[in-house]
Asker: 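The structure's right below; bear with me while I get my questions together.
Residue numbers start from 1 in every chain, and the chains themselves are labelled A, B, ... in the order their sequence lines are given, proteins ahead of strands.
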Protein chains: 2
Amino acid sequence: MGISDRKEREREELRDRILVAAKALFLEKGFEKTSIRNIADRIEYSPGIIYHYFRDKNEIFHALHQGGFLQLMERMKVLTSVRNPMERLKAMGSIYVEFALENPDMYDLMFIKEAPIDHVFNSEHDQWKEGGGTFNYLRSTIDDCIREGHFSGHDSEALSYLIWSTVHGMVSLSIRKRCEVVLPIRQDKIVVDGLEEFFKILDRL
Amino acid sequence: MGISDRKEREREELRDRILVAAKALFLEKGFEKTSIRNIADRIEYSPGIIYHYFRDKNEIFHALHQGGFLQLMERMKVLTSVRNPMERLKAMGSIYVEFALENPDMYDLMFIKEAPIDHVFNSEHDQWKEGGGTFNYLRSTIDDCIREGHFSGHDSEALSYLIWSTVHGMVSLSIRKRCEVVLPIRQDKIVVDGLEEFFKILDRL
DNA sequence: AAAAGTAATTAAACAGTGTTTAAAAAGTCT
DNA sequence: AGACTTTTTAAACACTGTTTAATTACTTTT
């Protein structure tokens, strides 16, 4: 049936347009301040139509959420070419921070915003599994470092969490504007500077 | 004038009741989901009254925000009795994490939530100055550590930011429920475990 | 004690929100 | 061309933060 094929295609097209509009608006004005009517306006449809493609506003959030993980994972792919595990670990940190600073709103969406957890985490084929995959990759990289004699006396899982937290902490304080006041001068450089200090520490472990 | 004294007292009493109600509701259902009408209901006044005590909803947020910093600073006072700067630094981390885990919603309010920055930071006699004071105390503690031969080759400001970020990262990932999925088993222990790993690292610097 | 003046409090309205409903329009099939 | 589906919409519901003018309560003055 050619017709239902086209219908299916058109359906997906509109779904995509909703997502594109929603993403643009979320990144423009934030999740909370973007209304269903705003999204509908932008794609020149009535608000109601959106509920034929997403159960509610959170499901739109969820869809974008998944896209963010795909983006981040894409960037992580170059790490396979870094053989030295300590170098790989540091490169991972750089990529993570770079991604966060270049896509602050997407990062916010993925790691900071309090999302209706049911929607974000409960579904089966969830990209958080991939997010977890990224975490597991961090863990296995750290395991590799341990095998090479680094981080002796550490628990790899807790250490992984610590290291993830360190980069997350720096970018999230920056994104949520908690350093502008405390560090009035070097606002924009502080995350990169902090990461540098972090690398200095890692080099000694 | 006894009468205007009483009036002043009554005014402050009602202001307090609004704050108490708002805090309870914020911690119950979150900032976004708490409405002015909810707060008014709880104190058995009409919604309009709240605008005679606070310019808008954000100013209520702001008032609570300040209270949080006072609480945290209160806890930090015991640190003056810890002479060894490295021990003081670690104790500071413990207090910070303890405060965050015991008052997750207040911590959220203080360090995670995106607040209307104008209100939160622009006022003169702002508790963020005290928050900044806490950060400066961290910095001076780290300076003390450096004077004792620790952290050689590090920039103290960037290092302070890094260390703050580390503890902030751990508690904020926990508060915003990003570890439940990645670390399904040790959810509640992971922050404390991570802090332990952090201390192990600090002991070597 | 009664009138005047001031401060505290409210009801009502405005423009916006997410979401649901039933009706209308458009497209497809017999 | 008429019956049947799907897509789309307008309208409504119960909320939201905030502002306004009106009302009530209280204090001061006469």
Asker: Round to the nearest Å and state the distance from A:Tyr45 atom OH to D:dA10 atom P.
Answerer: 13 Å
Asker: B:Phe31 ring centre to B:Lys57 NZ or CZ under 6.0 Å, with the angle to the axis within 45°?
Answerer: yes
Asker: Nearest whole Å is fine: how far is D:dG17 C1' from B:Ile49 CD1?
Answerer: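 The distance from CD1 of B:Ile49 to C1' of D:dG17 comes to 16 Å, rounded to the nearest Å.
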Asker: Kindly confirm or rule out a cation-pi arrangement of A:Arg11 over A:Tyr53, judged by NZ or CZ under 6.0 Å from the six-membered ring centre and within 45° of its axis?
Answerer: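 Geometry flag: set, cation within 6.0 Å and 45°.
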Asker: Between A:Tyr53 and D:dT8, does any side-chain N or O lie under 4.0 Å from OP1 or OP2?
Answerer: yes
Asker: Determine which pairs satisfy salt bridge (charged side-chain N to carboxylate O under 4.0 Å, His left out) with at least one residue from residues 28-41 of chain A, sequence neighbours left out, and list them in order.
Answerer: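 Sorted pair list: A:Glu28-A:Arg42.
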Asker: Would you classify A:Leu14 as touching base, sugar-phosphate or nothing, given that sugar-phosphate means primed atoms plus P, OP1 and OP2, and contacts are heavy atoms under 4.0 Å?
Answerer: sugar-phosphate
Asker: For B:Asp41 and D:dC15, what is the distance between atoms CG and P respectively, to the nearest whole Å?
Answerer: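 Interatomic distance, CG of B:Asp41 to P of D:dC15: 11 Å.
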Asker: Would you mind reading off the distance between A:Arg11 atom CZ and D:dT5 atom P, rounded to a whole angstrom?
Answerer: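 In whole Å, D:dT5 P lies 18 Å from A:Arg11 CZ.
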Asker: For a quick check, with a 4.0 angstrom heavy-atom cut-off, what is the B/S/- contact string for nucleotides 16-23 of chain C, read 5' to 3'?
Answerer: -BBBB---
Asker: Flag the pair B:Arg9 and B:Glu12 as a salt bridge only when some basic side-chain nitrogen lies within less than 4.0 angstrom of an acidic carboxylate oxygen.
Answerer: no
Asker: Does a salt bridge link B:Lys200 with B:Asp203, judged by any charged N lying under 4.0 Å from a carboxylate O?
Answerer: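 No.
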Asker: Could you tell me how the ring of B:Phe151 sits relative to the ring of B:His154: parallel (under 30°), tilted (30 to 60°) or perpendicular (over 60°)?
Answerer: perpendicular
